[in-house]
Colleague: 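Just passing along the structure, written as structure tokens.
Here is how names work: the chains are called A, B, and so on, in the same order as the sequence lines, proteins then strands, and each is numbered from 1.
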Amino acid sequence: MKHVIIGSGAAGISAAKTLREKSTQDEIIILSADEFVYSRCMLHQFISGERQTEVLSFIPDDFLEKNNIEFRPNIAVTGIDTVNQMVKFDGGSESYDRLLIATGAKSAFPQIVGLRDTKNVYGLRDLEDARAIRDKATQSNNIVIIGAGLVGLDAAYGLLEIGKTSTIIEMSNAILSTNLDLHAASTYHIKFEEAGCAFHLGMKVKRVLSNASGEIEAIVTDHDERIACDLLIVATGVHPTLDFLSDSGIKTNRGITVNEYLATSAPNVYAAGDVTGLSESWPSAVQQGEIAALNMLGIETAHPDTFLPKNTIHFFGVPSLSIGQFIPEAGDTKDSREDRMRYQKVILRDGIPVGVILQGDISRSGFWQQLILNKVDVTSMPKSIWKVSFADSYHIDENGEYYWTMSV
Amino acid sequence: MRRIIIDADKCKACKNCSVACMRAHAPEGVTFSLSDPQFESRNTILQDGEKQYKPLFCRHCAKPSCANACVSGALAKDPNTGHVLYNPDICAKCFMCVMNCPFGVLKPDRLTNTYVVKCDFCAADGSEPNCVANCPSKAIYVKEVE
């Protein structure tokens, strides 16, 4: 059987790996828009100079060769013929028995007057974005970033490492507002300001102004404030990369529509990762790639319908993690504690945690996600909630592996 | 693969395993001291609500959630030994692994938050892991498993 995977991010690579683990014979081809396999989660470390291109990869050097995976770089897919089972791209086409679409997402630029036609404006999603930003930044004196989410702050942090401060414009009233509560976010807010960055919160960019050469010169906020700018980084979110599907008949909503087996509306075509709009983080894209691959091989495997927003954040030596809901709803209870080094907060619904924030000390905290997913009633335990751990649901199987049971 | 098997009922929480681990992973040329925070144990012993001891040791899982969450490839399952090994040199220090270890085994290092404290099965020694060698109650032992 011939498997074609479009995309070489977390989902695509995980699918290729799974296909090879389960089948030594099948043909596996990856068509990638990228020049080589690299991790998008580390681009800010490329900007900072901490990492060169050769250490941006997340797979061993011999992975493709050892697993007999044909990797075709710089392929811009233009369409899919689902009747004849062909992928079309500039300069050729490739037939498939099974197809996985794992094209990820790309930067979504907001509707701002003048934005698209102006030079020195970049998203931060691809290596070429990071390269352009790194090149320009060294000569820039007025760097502006739109968006104070993780990507925007990653960019700001990477730039600080090469001695460049930024001005960050954010439309909500707090930084990292999808990841952290105000209290935890303020820790980073203060540290970024101390490092020389400036935040303009509760503001949008209304217009960009350019000079005679078409290069960006300034941005104008909706408060009619003019901020000088010679490099603009747009970090206002992403949307699934699916423009090439328009003539394919494959159904899409926000992302590609998939069923629980990650099959699309077209026969023998699957989708996984950010392009589905269903993966909330790297590990979930990896999981989807694996599940799609199993189904491509006829090993029927359903995707769990758990969508749990989660992320880790690490700036200025202060790590944080955030899982699930961190703002209580009516009827929820909140428990929190803090000292000089740490902040911890959990939201409980009928005694069951629905969200947690840990900042400063995240040691041995991985069990929190399981407490939330397995709906463990932590208030019925004969100990403080802050002492709960895997010990309270301790199970070991015959092979010596730990496991969680669904109820405690 | 070889795995450290846990018989929790035999654990007396003497913590010889933890001390052995701290010592085994001490940087070269540094005098070992229990009170020096740069020495950290990869294992620990927890207590459940009934105060029973529950040893927490990396399982080198068949399907390692830590490696699945790793954005840099620093954590990967060795296809030959089955052990999940960590390469600090390529680690992105994002600590996604810490959040995604379902059992809460992993942690960032205490002093600098720049690397992950992770069991390596004392692989460099090539012999029995030091925790196992130092357990007086046979609560942990190495066994070949599937």
Colleague: Could you tell me which portion of C70(B) (side chain, backbone, both or neither) has an atom closer than 4.5 angstrom to a non-hydrogen atom of chain A?
Modeller: backbone
Colleague: Give a yes or no on this: more than 12 heavy atoms of other residues, nucleotides or ligands lie within 6.0 Å of atom NZ of K383(A).
Modeller: yes
Colleague: In terms of heavy-atom proximity below 4.5 Å to chain B, should Y394(A) be classed as side chain, backbone, both, or neither?
Modeller: side chain
Colleague: Could you list the donor-acceptor pairs under 3.5 angstrom formed between side-chain atoms of residues 355-366 of chain A and any protein atom two or more places apart in sequence or on another chain?
Modeller:
unit_1  : atom_1 : unit_2  : atom_2 : d
Q359(A) : OE1    : T187(A) : OG1    : 2.8
Q359(A) : NE2    : A184(A) : O      : 3.0
Q359(A) : NE2    : S320(A) : OG     : 3.0
D361(A) : OD1    : S363(A) : N      : 2.9
D361(A) : OD1    : S363(A) : OG     : 3.0
R364(A) : NH1    : R42(B)  : O      : 3.4
R364(A) : NH1    : V105(B) : O      : 2.6
R364(A) : NH2    : S41(B)  : O      : 3.0
S365(A) : OG     : I362(A) : O      : 2.7

Colleague: Can you see which heavy atom on L56(B) is nearest to which on Y402(A), and at what distance?
Modeller: CA-OH, 3.2 Å
Colleague: So, for G400(A) and R3(B), which heavy atoms are closest and what is the spacing to 0.1 Å?
Modeller: O-CD, 3.6 Å
Colleague: Checking E290(A) against chain B: side chain, backbone, both or neither under 4.5 Å from a heavy atom?
Modeller: side chain
Colleague: Between A391(A) and D48(B), which heavy-atom pair has the shortest distance, and what is it?
Modeller: O-CB, 3.4 Å
Colleague: Answer with side chain, backbone, both or neither: which region of A8(B) has an atom nearer than 4.5 Å to a non-hydrogen atom of chain A?
Modeller: side chain
Colleague: Considering only heavy atoms and a distance below 4.5 Å, find which of Y38(A), F58(A), W368(A) pairs most often with chain B.
Modeller: F58(A)
Colleague: Please classify the contact of Y403(A) with chain B as side chain, backbone, both or neither, using a heavy-atom distance under 4.5 Å.
Modeller: backbone
Colleague: I need the minimum non-hydrogen distance between W282(A) and A69(B), along with the two atoms involved.
Modeller: CD1-O, 3.7 Å
Colleague: Taking all heavy atoms of H314(A) and all of K93(B), pick out the closest pair and write down the distance.
Modeller: ND1-O, 2.8 Å
Colleague: Can you tell me how far apart CE (M99(B)) and CG (N311(A)) are? Round to the nearest 0.5 Å.
Modeller: 6.0 Å
Colleague: Is K17(A) atom NZ crowded by more than 12 heavy atoms from other residues, nucleotides or ligands, each under 6.0 Å away?
Modeller: no
Colleague: Counting only heavy atoms closer than 4.5 Å, note whether S281(A) contacts chain B via side chain, backbone, both or neither.
Modeller: side chain
Colleague: More than 12 heavy atoms of other residues, nucleotides or ligands under 6.0 Å from CZ of R23(B): yes or no?
Modeller: no
Colleague: As an exercise, state the distance from CG of N399(A) to NZ of K143(B), rounded to the nearest 0.5 Å.
Modeller: 7.5 Å
Colleague: What residue pairs, at least two apart or across chains, pass ring-ring contact (aromatic ring centres under 6.0 Å, His included) with a residue in residues 5-30 of chain B?
Modeller: none
Colleague: Would you say CG of D62(A) has more than 12 non-hydrogen atoms from neighbouring residues, nucleotides or ligands within 6.0 angstrom?
Modeller: yes
Colleague: Step through the shown structure and confirm whether more than 12 heavy atoms of other residues, nucleotides or ligands are within 6.0 Å of CD on E144(B).
Modeller: yes
Colleague: Using side-chain contact (heavy atoms from CB on, under 4.5 Å) as the criterion, list what pairs up with A92(B), not counting sequence neighbours.
Modeller: M42(A), Q45(A), R51(A), V71(B), S72(B)
Colleague: Answer yes or no: is there a side-chain heavy-atom contact under 4.5 Å between V98(B) and T312(A)?
Modeller: no
Colleague: Side chain from CB out, backbone as N, CA, C, O: work out which of these in Q47(B) comes under 4.5 Å of a heavy atom of chain A, or both, or neither.
Modeller: backbone
Colleague: Does atom CD of E146(B) have more than 12 heavy-atom neighbours from other groups under 6.0 Å away?
Modeller: no
Colleague: Specify the closest pair of heavy atoms between K310(A) and N100(B), including all atoms of both residues, with the distance to one decimal.
Modeller: CE-OD1, 3.5 Å
Colleague: Are any side-chain N or O atoms of N113(B) and backbone N or O atoms of G317(A), one a donor and one an acceptor, separated by less than 3.5 Å?
Modeller: yes
Colleague: Can you tell me how far apart CD (E401(A)) and CD1 (I5(B)) are? Round to the nearest 0.5 Å.
Modeller: 9.5 Å
Colleague: Sort by residue number and list every residue of residues 80-91 of chain B having at least one heavy atom under 4.5 Å from chain A.
Modeller: I90(B), C91(B)
